[in-house]
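Input: a single structure, listed below in structure tokens.
Numbering of residues begins at 1 and proceeds along the displayed sequence. Values reported hereafter were calculated over all heavy atoms of this structure, with side chains retained and with hydrogens, waters and symmetry mates removed. It should be emphasised that the depicted structure is a prediction, and the values quoted were computed from it without experimental measurement. All ligand and atom numbering here is 1-based and tracks the order in the structure.
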Amino acid sequence: MTFIIAIDGPAAAGKGTLSRKIAEVYGFHHLDTGLTYRATAKALLDAGKPLDDEAIAEETALHLDLAGLDRSVLSRHEVGEAASKIAVMPAVRRALVTAQRAFSTREPGTVLDGRDIGTVVCPQAPVKLYVTASPEIRARRRYDEIVAGGGTADYEAIFADVKKRDERDMGRSDSPLKPAEDAHLLDTSEMSIEAAFQTAKAIIDAAMKK
Ligand code: DC
């Protein structure tokens, strides 16, 4: 049987970096489920289709190819905005959750990160982590990332955006962002990536021995 690690948390909490590192160290397959919402939204944008028609968005989600997810194209801000609009649609979520569950069964193990992995997609996962950090710290990290990449950024605008996305993710009626009851909370506000990884590793290793 495969071993599933479910990682949830708000935007820019560091769960992507942590998930990739865990997958690499354990030799597991990794799926950033945010990319499935982003890819669906981008396909609609590219085809000039509306973002507010649930039947059209569902059809697009049903035809999504998980093998073709390209982070560099999908990470753009406008794609994220469009993704957050279709992520509230139950039919889109149903289609993408089916694809995510199929992915989660790959051998020898999988790491899925998103908003509803521990609560909806893989509630049976033996390891569930809820990775978070204060909105100020998350905005600061995103700001530093953009500046380090040679871009210019406005901290206040990024902070407002982080808060707006939290409200959208936590406030929607279908699969809102929240920790699963048995999730381990990992607040990375005061933690380096390496420290967060070591904490996660101890939890994973303990679960693997059971
Ligand atoms: O994590 P991200 O920015 O790539 O997510 C893009 C959008 O998809 C965001 O609005 C949250 C949503 N999402 C979701 O609803 N459920 C998931 N499991 C992952 C992402």
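- The distance from the CD atom of Glu136 to the CZ atom of Arg140 is 10.5 Å, given to the nearest 0.5 Å.
- Note on ring orientation: taking the six-membered ring where Trp is involved, the planes of Tyr155 and Phe159 are parallel (angle under 30°, cut-offs 30° and 60°).
- Under a 4.0 Å N-O distance rule, the pair Asp144/Arg141 does not qualify as a salt bridge.
- Taking hydrophobic clusters as Ile, Leu, Val, Met, Phe, Trp and Tyr residues chained together by side-chain heavy-atom distances below 4.5 Å, Leu51 shares a cluster with Leu96.
- Taken to the nearest 0.5 Å, the CD1 atom of Ile117 stands 10.0 Å off from the CZ atom of Arg101.
- The 4.0 Å heavy-atom shell around ligand 1 contains residues Thr33, Gly34, Tyr37, Arg38, Ala83, Ser84, Ala87, Arg93, Gly114, Arg115, Asp116, Arg165, Asp169, Arg172, ordered by chain and number.
- Classification of Arg93 and Asp116 as a salt-bridged pair holds, one side-chain N sitting under 4.0 Å from a carboxylate O.
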